[in-house]
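Chain letters run A, B, ... following the sequence lines, proteins first and then strands; every chain starts at 1.
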2 protein chains.
Amino acid sequence: MSGTPQSAGVSTALLTDRYELTMVAAALADGTAGRSCVFEVFARRLPDGRRYGVVAGTGRLLESITRFRFGDEELAALEGVVDAATLDWLAAYRFTGDVDGYPEGELYFPGSPILTVRGTFADAVLLETLALSILNHDSAVASAAARMVTAAAGRPLIEMGSRRTHEAAAVASARATYLAGFGATSNLEAGRRHGIPTAGTAAHAWILLHDDELGAFASQVEALGADTTLLVDTYDIRRGVELAVQAAGPGLGAIRIDSGDLGELARQARDQLDALGAVNTKIVLSGDLDEYAIASLRAEPVDSYGVGTSVVTGSGAPTAGMVYKLVEVDGRPVAKRSAAKESRGGAKSAVRRFKPTGTAVEEVVHAAGSPVPVGPHDRVLPVPLVRGGEPVPDLPTLAESRDRLRAALVSVPWEGLKLSRGEPAIPTVFP
Amino acid sequence: MSGTPQSAGVSTALLTDRYELTMVAAALADGTAGRSCVFEVFARRLPDGRRYGVVAGTGRLLESITRFRFGDEELAALEGVVDAATLDWLAAYRFTGDVDGYPEGELYFPGSPILTVRGTFADAVLLETLALSILNHDSAVASAAARMVTAAAGRPLIEMGSRRTHEAAAVASARATYLAGFGATSNLEAGRRHGIPTAGTAAHAWILLHDDELGAFASQVEALGADTTLLVDTYDIRRGVELAVQAAGPGLGAIRIDSGDLGELARQARDQLDALGAVNTKIVLSGDLDEYAIASLRAEPVDSYGVGTSVVTGSGAPTAGMVYKLVEVDGRPVAKRSAAKESRGGAKSAVRRFKPTGTAVEEVVHAAGSPVPVGPHDRVLPVPLVRGGEPVPDLPTLAESRDRLRAALVSVPWEGLKLSRGEPAIPTVFP
């Protein structure tokens with residue numbers, strides 16, 4: 001949850017749409033800036049036939065809010081965007097409101113009040129862009145990653161998609177996939193910043209650099225130990241496996257196959273490794289894997305998967321589509337009322353109802369001021385996150401959020417874990 | 001091209017896959033680290049039936065390479081990842097090789113040698129992850145954006161997708177869309193960092209904050225002037241247009257419609273505005289627009305488009321799929337030779353052939369050491385970008401790269417500008 005040495009103190013205030021600031025300027029001018037407001041983050045729908053979404057990015061958001069300050073450089077950049085009175089106001093700005101929300105790692109469904117921001121209009125509207133950027137990105141990646149974890153059925157997953165997404169999004173993607181149950185990432189900055197285990201094997205370039213494959217393998221084993229992972233598909237895979245065991249001995253840690261018919265190749269490699277006495281050598285598969293490809297490999301002798309492109313791009317849903325809507329002004333519910341994209345006004349809370357067996361049944365989204373009965377197996381979903389502008393003490397660690405998601409997925413009705421397109425795993429009910 | 005005040009000096013070295021560093025460690029140990037290597041960035045194919053790709057991110061990459069240094073904090077994070085000798089080597093590391101590549105804003109096709117990195121193995125392999133992250137992200141966004149610019153047929157486009165992508169990717173997305181011909185962005189940091197014009201209107205929250213729509217419009221006009229853009233679809237659009245003109249007078253700058261049947265609503269609003277005497281008031285449309293929706297609005301009275309989700313997510317192709325492959329070691333061509341994902345070895349250059357009319361005919365990708373004839377209408381595509389680790393002088397500005405793309409698109413055969421899926425606009429030929 002803590003910032004990196006390099007990001008601590010760096011302002012996040014300009015990672016914002018211009019209209020947030022011009023609205024503040026106009027609201028300061030007409031006296032509405034101080035009206036007491038409630039904004040709500042929710043998703044109108046889940047992407048693309050998905051059964052559930054995973055809330056991710058909350059920890060990053062709370063940390064980013066504390067850096068949402070306008071220093072001299074930010075103010076200089078806003079000359080001409082807003083007037084002098086607004087610049088003065090921004091110079092003193094820090095968020096002083098309250099935030100409640102679904103804890104990171106919780107599931108969400110259409111209409112779930114994922115985040116509720118209370119403050120003056122000016123206080124709270126400024127956070128819109130940043131909050132959505134972080135939650136939409138991280139939740140999209142975590143939601144895709146969780147499906148892959150389910151598909152992998154207990155086999156470890158390594159996130160290796162940094163090269164397929166923006167260099168800073170890569171760090172956040174590593175965090176989101178770890179939250180969702182991946183075991184490690186290739187991204188070193190994610191290791192430093194978020195304490196996520198890092199892993200790596202070698203590239204085809206490593207093999208091609210050397211005069212022959214055996215020499216490349218031998219050097220890698222010499223430098224990194226026999227428990228390293230040797231990439232065997234640069235030339236002929238069968239020959240590659242043979243040379244890998246020759247270089248490392250039967251104690252070789254793992255081989256990686258990155259191309260071809262992965263299931264067939266895994267079976268052949270397993271037989272070959274066993275015949276060579278390398279019975280404990282693991283098989284790592286990579287190469288354009290997504291949740292469907294992972295699921296199709298369930299019966300094959302695979303030990304772990306490296307996943308890149310598909311997970312960092314949300315496997316077809318690169319953004320979660322959450323919105324940040326004003327739902328209450330001075331205690332009065334408000335909502336857009338034209339035909340399309342209608343919203344429900346009023347601050348809300350939510351209860352998830354469960355069977356005594358622990359299986360989720362429905363998501364009850366209700367007016368915050370009109371609580372619904374909470375049975376012994378039910379759970380009130382939003383928790384306090386920020387009070388008076390400060391993150392509450394003892395927010396969950398990334399590891400705790402990871403545990404939360406694992407437990408939440410166990411509660412989903414079994415149809416809700418299917419990879420096929422369908423309805424949300426549980427209905428959202430608005431009493 | 002210059003770093004921001006806040007990013008200047010911040011190391012980019014850990015925005016890297018772990019295996020790049022362990023390969024360097026192993027190469028330092030076995031003496032291959034100093035072998036003279038050529039790496040090439042190319043795309044095996046264009047995404048999803050696309051006709052062309054747009055090279056974007058080069059300027060950001062060159063700036064990031066100058067910050068690819070391992071300081072004390074980075075080295076501390078690498079304890080346990082690589083050995084002490086490698087840490088010493090990294091402490092002294094700066095890239096000292098050469099880079100050539102397609103200039104930013106140039107088109108590319110399958111197999112185009114988009115970037116060629118020459119250096120020792122250790123020098124050049126370290127840049128793989130960062131180079132691909134930047135080029136894959138920015139090119140994906142620019143490639144989608146260019147199609148939208150074509151679809152808009154001269155009408156201005158505003159990028160407003162920050163909330164739908166990672167908060168740092170949002171800044172890069174704004175840059176890539178501007179490169180592709182968008183006129184402005186909502187993202188303030190993109191304005192500061194890259195000098196891109198920023199724009200904005202108001203959110204539905206602005207209307208809902210006020211006791212009535214007329215009051216909201218009047219305040220906005222008071223604060224921001226009559227040439228502001230009023231959002232008219234919060235309640236009833238017809239009534240909204242009426243109140244907008246009442247608040248601002250017939251000199252109102254623009255109205256924005258963000259939901260509903262945009263074409264039909266634009267026609268109605270145009271008629272209504274004209275009847276109210278607001279004949280110069282422009283109509284801005286937004287709301288889930290992509291290149292197809294924009295094209296379908298060509299006959300409607302629209303003045304500009306606000307585009308969000310679709311452009312920052314590459315409109316179905318969120319990553320460009322470029323790879324960074326070792327193609328030459330000590331002057332010897334190398335290439336992966338197993339069945340799948342085969343590559344062509346050897347350093348390459350490329351010439352694009354044109355008809356005398358200026359229409360592109362083919363992309364000739366040839367061995368760097370075997371030049372092909374270059375006719376009077378042809379163009380050699382790669383240019384020097386880095387020499388001895390330093391960016392060459394007088395690299396193109398973002399505005400110049402924007403002009404380059406505009407000119408390049410004019411050269412594409414007309415079928416190549418179609419939005420429908422198809423083959424690349426010109427074939428890639430390997431003589």
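- The part of B/Leu78 that comes within reach of chain A is its side chain, from C-beta onward, which places non-hydrogen atoms under 4.5 angstrom from that chain.
- Each of A/Gly240, A/Ala13, A/Ala26, A/Gly200 has some count of heavy-atom pairs under 4.5 Å with chain B, and the biggest count is that of A/Ala26.
- The candidate with the highest count of non-hydrogen atom pairs below 4.5 Å against chain B, out of A/Val141, A/Leu208, A/Val329, is A/Leu208.
- Interface remark: of the candidates A/Glu20, A/His204, A/Arg164, A/Arg164 forms the most heavy-atom pairs closer than 4.5 Å to chain B.
- In terms of heavy-atom pairs under 4.5 angstrom with chain A, the leader among B/Ala29, B/Gly191, B/Ser219 is B/Ser219.
- The only member of B/Leu188, B/Val171, B/Asn187 that meets side chain to side chain contact (heavy atoms under 4.5 Å, CB included) when paired with A/Leu14 is B/Leu188.
- For A/Ala199, the part sitting under 4.5 Å from any heavy atom of chain B is the backbone (N, CA, C, O) and nothing else.
- For chain A, no part of B/Tyr324 is nearby; none of its heavy atoms comes within less than 4.5 Å.
- Interface summary for chain A: among B/Ala25, B/Ala169, B/Ala223, B/Gly314, the most heavy-atom pairs under 4.5 angstrom belong to B/Ala169.
- The part of B/Leu21 that comes within reach of chain A is its side chain, from C-beta onward, which places non-hydrogen atoms under 4.5 angstrom from that chain.
- For B/Arg332, the CZ atom is densely surrounded, since the number of other residues' heavy atoms within 6.0 Å is greater than 12.
- Between A/Ser133 and B/Ser162, the closest heavy-atom pair is OG-O, 2.7 Å.
- Taking 4.5 Å as the limit, some side-chain heavy atom of B/Arg192 sits within range of a side-chain heavy atom of A/Glu74.
- Within the 4.5 angstrom heavy-atom criterion, only side-chain atoms of A/Leu224, from C-beta onward, approach chain B.
- Listed options A/Thr22, A/Asp233, A/Thr129 were ranked by heavy-atom pairs under 4.5 angstrom with chain B; first place goes to A/Asp233.
- Contacts with chain B were tallied for A/Glu167, A/Glu128, A/His137; A/Glu167 has the most, counting heavy-atom pairs under 4.5 Å.
- Nearest heavy atom pair, residue A/Ala203 against residue B/Met23, reads N-SD, 3.4 Å.
- When each of B/Asp138, B/Thr201, B/Asp236 is checked for heavy-atom pairs under 4.5 Å with chain A, B/Thr201 comes out on top.
- In terms of heavy-atom pairs under 4.5 Å with chain B, the best-connected choice from A/Cys37, A/Ala77, A/Gly57, A/Ala335 is A/Ala335.
- When atom types are taken as modelled, the side chain of A/Thr319 and the backbone of B/Thr165 share no donor-acceptor pair closer than 3.5 angstrom.
- A side chain to side chain contact (heavy atoms under 4.5 Å, CB included) with A/Leu209 is found for exactly one of B/Asp330, B/Thr32, B/Val334, B/Val125, namely B/Thr32.
- A pairwise comparison of heavy atoms in B/Thr234 and A/Lys336 identifies O-CG, 3.5 Å as the closest pair.
- In this structure, NE2 on B/His166 lies 7.0 Å from CD1 on A/Ile134, to the nearest 0.5 angstrom.
- Interface remark: B/Asp17 contributes backbone and side-chain atoms alike to the contact with chain A (heavy atom separation under 4.5 Å).
- Contact annotation: the side chain of B/Asp30 approaches that of A/His210 to within less than 4.5 Å [non-hydrogen atoms, C-beta and beyond].
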